[in-house]
**Student:** 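Below you'll find the structure I mean.
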Amino acid sequence: MRPRMWLLLAAQLAALHGNSVLQQTPAYIMVQTNQMVMLSCKAISSSTTRIYWLRQLHAPSSNSHHEILAFWDSSKGTIHSEGVEQKKITVFRDGSSFFLNLTRVKLEDSGTYFCMVIGSPTLIFGTGTQLSVVDILPTTAQTTKKSTPKKTVCRLPRPETRKGPLCSPITLSLLVAGILVLLVSLGVAIHLYCRQRRARLRFMKQFYK
């Protein structure tokens, strides 16, 4: 079997079943373009002296391929593959964990990243980390808070301001009494006037006889 086919088959099995020797975190990550992302690969065996980082641009298939980006060597440090932008990719070790640091990621950097060690006699792959690079991160839809309807306060209409004096029972009584006095006075005046007129008429008749 050709090395490339063997590499593809091993990566497919690792993606499907994972591996207990190399544990990668996170399993999935989404970042925005021009940002930095760090992938972690923890080796169970502390005797690991060299670890490779590979990228698979598409889902495992007969047409997909793995690109070796760089590897870390205990004596040489980070070694980049040909054609890889060295300023963009950094590999380093911290204890039993190995890290792949990508800076200023682009859309074409999306894919599945695997760490790998060369065992005896097989290749051992990590569980894989799927990286998705987007221009705009999706936002979580916020739960729309239902606005509490304001209680409508029903206001009673204000009574119209009455003009003039208040009509109390005492006032009405005084008013009626005043009217009665005027009527009586008017009656008396009319009666006296009539009596005076009749008396004057009788006097005139006696004078002209």
Side-chain angles (χ1 to χ4, degrees), residues 1-140:
M1 184 180 293
R2 291 182 296 177
R4 179 179 176 182
M5 293 300 295
W6 170 246
L7 187 64
L8 173 61
L9 179 60
Q12 290 176 347
L13 294 175
L16 293 175
H17 304 290
N19 194 289
S20 59
V21 178
L22 299 175
Q23 296 292 333
Q24 290 185 236
T25 55
Y28 175 80
I29 185 171
M30 178 182 290
V31 295
Q32 198 171 1
T33 51
N34 296 322
Q35 298 299 316
M36 182 189 73
V37 61
M38 183 179 295
L39 310 181
S40 173
C41 177
K42 185 175 182 180
I44 302 301
S45 175
S46 59
S47 61
T48 302
T49 58
R50 177 176 290 188
I51 189 165
Y52 296 82
W53 280 96
L54 299 85
R55 177 174 59 193
Q56 183 184 30
L57 298 179
H58 305 286
S61 65
S62 57
N63 296 325
S64 61
H65 68 279
H66 290 74
E67 175 188 7
I68 298 178
L69 301 175
F71 66 90
W72 182 90
D73 186 85
S74 59
S75 58
K76 299 179 181 179
T78 302
I79 305 298
H80 295 86
S81 298
E82 295 183 2
V84 175
E85 187 179 351
Q86 298 184 8
K87 292 183 180 180
K88 183 175 182 178
I89 297 177
T90 305
V91 179
F92 62 95
R93 179 178 182 174
D94 184 9
S96 60
S97 297
F98 299 85
F99 298 91
L100 173 65
N101 190 50
L102 303 173
T103 59
R104 300 187 62 83
V105 294
K106 300 178 182 179
L107 297 177
E108 53 267 26
D109 292 324
S110 299
T112 304
Y113 289 75
F114 293 95
C115 57
M116 183 194 74
V117 294
I118 300 177
S120 179
T122 60
L123 301 177
I124 301 175
F125 285 82
T127 50
T129 296
Q130 183 180 353
L131 173 64
S132 179
V133 183
V134 295
D135 287 326
I136 300 176
L137 291 174
T139 56
T140 304

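Counting begins at 1 with the first residue of the sequence.
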**Student:** Can you find a pair of side-chain heavy atoms, one from I89 and one from L102, that are under 4.5 Å apart?
**Tutor:**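 A side-chain contact exists here, since the closest heavy-atom pair is under 4.5 Å.
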**Student:** Compare all side-chain heavy atoms of L123 with those of I118 and state whether any distance is below 4.5 angstrom.
**Tutor:**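 Counting from C-beta outward, L123 and I118 do come under 4.5 Å.
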**Student:** For the pair T127 (side chain) and Q24 (backbone), establish whether a donor and an acceptor sit closer than 3.5 Å, ignoring hydrogens and angles.
**Tutor:**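 Between the backbone of Q24 and the side chain of T127 there is a qualifying donor-acceptor contact (under 3.5 Å).
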**Student:** L131 and side-chain contact (heavy atoms from CB on, under 4.5 Å): which partner among V31, T112, L100?
**Tutor:** V31
**Student:** Which distance, rounded to the nearest 0.5 Å, do you find between the NZ of K88 and the NZ of K106?
**Tutor:** 5.5 Å
**Student:** Would you check if F71 and M116 make a side-chain contact, meaning some heavy-atom pair closer than 4.5 Å?
**Tutor:**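 Counting from C-beta outward, F71 and M116 never come under 4.5 Å.
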**Student:** Any side-chain to backbone donor/acceptor pair from T129 onto Y113? Under 3.5 Å, distance only.
**Tutor:**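 Checking the backbone N and O of Y113 against the side chain of T129, no donor-acceptor pair under 3.5 Å is found.
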**Student:** Please work out whether the ring planes of F99 and F92 are parallel, tilted or perpendicular, with thresholds of 30° and 60°.
**Tutor:** parallel
**Student:** Would you check if R55 and D109 make a side-chain contact, meaning some heavy-atom pair closer than 4.5 Å?
**Tutor:**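 They are in side-chain contact.
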**Student:** Could you give the distance from CG (D73) to CZ (R93), rounded to the nearest 0.5 Å?
**Tutor:** 10.5 Å
**Student:** Would the distance check show the side chain of Q32 and the main-chain N or O of L137 forming a donor-acceptor pair, the cut-off being under 3.5 Å?
**Tutor:** no
**Student:** Let me confirm one number: the CH2-CG distance from W53 to N101, rounded to the nearest 0.5 Å.
**Tutor:**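 Interatomic distance, W53 CH2 to N101 CG, rounded to 0.5 Å: 10.5 Å.
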**Student:** Near L107 CG, under 6.0 Å, is it more than 12 heavy atoms from other residues, nucleotides or ligands?
**Tutor:** yes
**Student:** To the nearest 0.5 Å, tell me how far F98 CZ sits from L22 CG.
**Tutor:**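 Reported to 0.5 Å precision, the distance equals 8.5 Å.
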**Student:** Would you check if V134 and M30 make a side-chain contact, meaning some heavy-atom pair closer than 4.5 Å?
**Tutor:** yes
**Student:** Locate the shortest heavy-atom distance separating T103 from M36; write the atom from each residue and the value.
**Tutor:**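 Taking T103 first and M36 second, the nearest heavy atoms are CG2-CG, 4.1 Å.
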**Student:** What is the distance from atom OG of S81 to atom CD1 of I68, rounded to the nearest 0.5 Å?
**Tutor:** 5.5 Å
**Student:** To the nearest 0.5 Å, what is the distance between CZ on R104 and NZ on K87?
**Tutor:**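 With rounding to 0.5 Å, CZ (R104) is 12.0 Å from NZ (K87).
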